[in-house]
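Notes follow the structure.
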2 protein chains.
Amino acid sequence: MATIYEVAKLAGVSPATVSRVFNGMGVSEDKTAAVRDAARQLGFTPNRTARTLRRQASEVIALVIPDIENPYFTEMARGVEDVASEAGYSVVLCNTDSRVDKEATYLQIAISEHMAGVILAAASDHSDLDELLARGRPVVAVDRGTGYDIDGVVMANRQAGQAATENLVQAGYTRIACLTGPEHVETAYERAQGWRGVMARHFPELDLDPLLRYSTFRVDGGREVMEELLGSAEPPDAIVAANNLLGVGAIQVLTEHGMTPPKMGVAVIGSLPFTTLTPSAVTVVRLPARHMGVTAAKMLLGRIGGDTQPARTVVLRNEVQPARI
Amino acid sequence: MATIYEVAKLAGVSPATVSRVFNGMGVSEDKTAAVRDAARQLGFTPNRTARTLRRQASEVIALVIPDIENPYFTEMARGVEDVASEAGYSVVLCNTDSRVDKEATYLQIAISEHMAGVILAAASDHSDLDELLARGRPVVAVDRGTGYDIDGVVMANRQAGQAATENLVQAGYTRIACLTGPEHVETAYERAQGWRGVMARHFPELDLDPLLRYSTFRVDGGREVMEELLGSAEPPDAIVAANNLLGVGAIQVLTEHGMTPPKMGVAVIGSLPFTTLTPSAVTVVRLPARHMGVTAAKMLLGRIGGDTQPARTVVLRNEVQPARI
DNA sequence: ACTCTAGAAGAAATCGATTTCAAGCTCAAG
DNA sequence: CTTGAGCTTGAAATCGATTTCTTCTAGAGT
């Protein structure tokens, strides 16, 4: 309720002086004290809307993600939030459901609310960032690329696919299938490529096509594809699930068929925070989601602070946590 | 970039007229057309900050929750988001980590950003809403009460505890423990009370105290308490987990000890969206989290729209999904 | 003693949309 | 023919903080 004018009147100074006190400009000690005192008495908090209007920039950053119900993204959100709130920024979480139109709406809001920057896990590879970038708002891509020359943080996806597959090969499995997301999604494709490379090297005579299944990055996608594989003429003896939720779906189906690991080898790319399997029954390629969020937030804050070096892409290494039976 | 003044100039009208066109006031057809045309040419989007400053209210609602990594809350967030974005509102997700100080910061931001309203899953039962309510900002409590006379949506917690317990009793278990959250958290206490009532009725001679364990509402809390129970002099033959994450932790420990259900009866209050157990091995009391979000958002939008009827509390019924072995 | 500079502080412009107020205009009723 | 009710429209005030522009004062330098 209290405005800068009321504080000014109570402190016997001009509004400009009050503003200067709160923004660390040169104000004499006695006036500073008077202002702070008056502000305390009135319970004054600067009106952020007015400040944003005048400054043409707010202390809010948008975090735009495709699926708020995926723990991978919420873990990342935590990382972003921790860094941002430490720096006095608040985070608006925007859920796009992987829909380009919802994403466009949120990006438009980011502009018209003068948000300081955007961290974007793009819904598709042709998201339109023209307007945002034209206005000089920094954008950092996470998890997936955008087709623009901007900062980014991604996982080592191909290497993750390789590591998962290699681990199953070492454990003695020979017919390893790959369950991955939509072919046009970069992470899905890259992880599958990692799998393909390792398989081709170890089993050059094997026909890989029946073992590679594209689906959705969701639990039901994993269930569906796993059922298909189990019902096929030559079922696999192990699987690589290219994301956490796919992995959950697949393991559910395996459990229902009494095929729990190690009967069927299972490697999952991405953590399974709420799995009820004993953690060590499955090989997990841990993706440092929180770290990704932290890194992206730091990069974004750097850009907001005026950093103008050329765009960088940070690739985060994964950590393999092998199944111990 | 384009402002209302530039649109006005291009269309040959006053800024006031442009504003009226975008707010559905009486403007003649030809001027309306001219304005829309000019706006399209310039790619004009109204500046939300300026609008908020003038209107003293924005189209943003804050959703304040204690744990963004809990699927229960993200499912609820989805419900809120769907209703809100349908009505042209956007949702800011604020994660408090159950910390009263972080919560207070976010509530302060809600005020100084002129947010239209707040949906709050309180971090404690003495959250301070005085200022928010004094400013006439509507607040809807979800999941837990607040100590204020405001709208609320809660689960039938006691009944959930009863239903879970009753189900295990019917299945023939006789020594049923209860794992719940911090005693001072309303939902934890109420669910435990539901369990206690049913146990007292069926097994009046049983000493319930060793079977009731307060912990945190997190996976590690569930693990810890489950280990304790298994190591105790007289371990239970079944457990009621008062929330989803507690349940996950408990089931993890049971799996490691080869005590998977139905060897040990397990009933969980709250869904296990990403569990890798076959869904039917555990009794689940489904909490309609999405529905809670939808209901709360509707109530809040009603209040924002000027609804002044006395505060209501909606209690949502749960649905028991029994274990089929 | 006089000019010059640096710092402090107030007055007023500014950010962009909304809204009040007043003006101008048309058409109908008396 | 006049009064007035009901429109549309523009001019200008407004929301609250920031920032530029000015003015003023005190202290340094010559």
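Below, each value reflects all heavy atoms present in this structure, side chains not excepted, and no hydrogens, waters or symmetry copies. Proteins get letters first, then strands, A, B, ... in listed order; numbering begins at 1 in each.
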Show every donor-acceptor pair shorter than 3.5 Å between a side-chain atom in residues 68-75 of chain A and any protein atom, with sequence neighbours excluded, or say none if there are none.
unit_1	atom_1	unit_2	atom_2	d
A:Asn70	OD1	A:Tyr72	N	2.8
A:Asn70	OD1	A:Asn244	ND2	3.0
A:Tyr72	OH	A:Asp143	OD1	2.6
A:Thr74	OG1	A:Pro71	O	3.0

For A:Ser19, which contact category applies under a 4.0 Å heavy-atom criterion: base, sugar-phosphate, or nothing? base
Results of side chain to side chain contact (heavy atoms under 4.5 Å, CB included) for A:Pro46 - residues two or more places apart only: A:Phe44, A:Arg51
Residues from residues 7-18 of chain B sitting under 4.0 Å of DNA chain C, heavy atoms only? B:Ala16
Rounding to an integer number of Å, can you tell me how far A:Leu42 CG sits from D:dG16 C1'? 15 Å
Please check if the side chain of B:Ser58 supplies one atom and the backbone of B:His114 the other of a donor-acceptor pair under 3.5 Å. yes
Tell me what B:Tyr5 touches on the nucleic acid: a base, only sugar-phosphate, or nothing, going by heavy atoms under 4.0 Å. base
CD of B:Glu59 versus P of C:dA17: gap in Å, rounded? 14 Å
Could you pull out every donor-acceptor pair under 3.5 Å between side chains of residues 287-297 of chain A and any protein atom, sequence neighbours left out?
unit_1	atom_1	unit_2	atom_2	d
A:Arg290	NH1	A:Asp82	OD2	2.6
A:Thr295	OG1	A:His291	O	2.7

Using a cut-off of less than 4.0 Å, is there contact between a side-chain N or O of A:Arg51 and OP1 or OP2 of D:dT18? yes
A:Asn47 CG to D:dG16 C1', straight-line distance once rounded to whole Å: 6 Å
Given D:dT18, D:dT9, C:dG10, the nucleotide with the shortest approach to the side chain of A:Asn23: D:dT18
For nucleotides 21-23 of chain D, which of its nitrogen or oxygen atoms have a protein nitrogen or oxygen under 3.5 Å away, and what is each distance?
none

Inter-axis angle, terminal five-pair segments of the helix from C:dA1-D:dT30 to C:dG30-D:dC1 [nearest 10°]: 50°
Pick the nucleotide of DNA chain D nearest each of A:Ile4 and B:Asp30; which residue has the one closer to the 5' end? B:Asp30
Side chain of A:Arg55 (C-beta onward), nearest among D:dG16, D:dT9, D:dT19: D:dT19
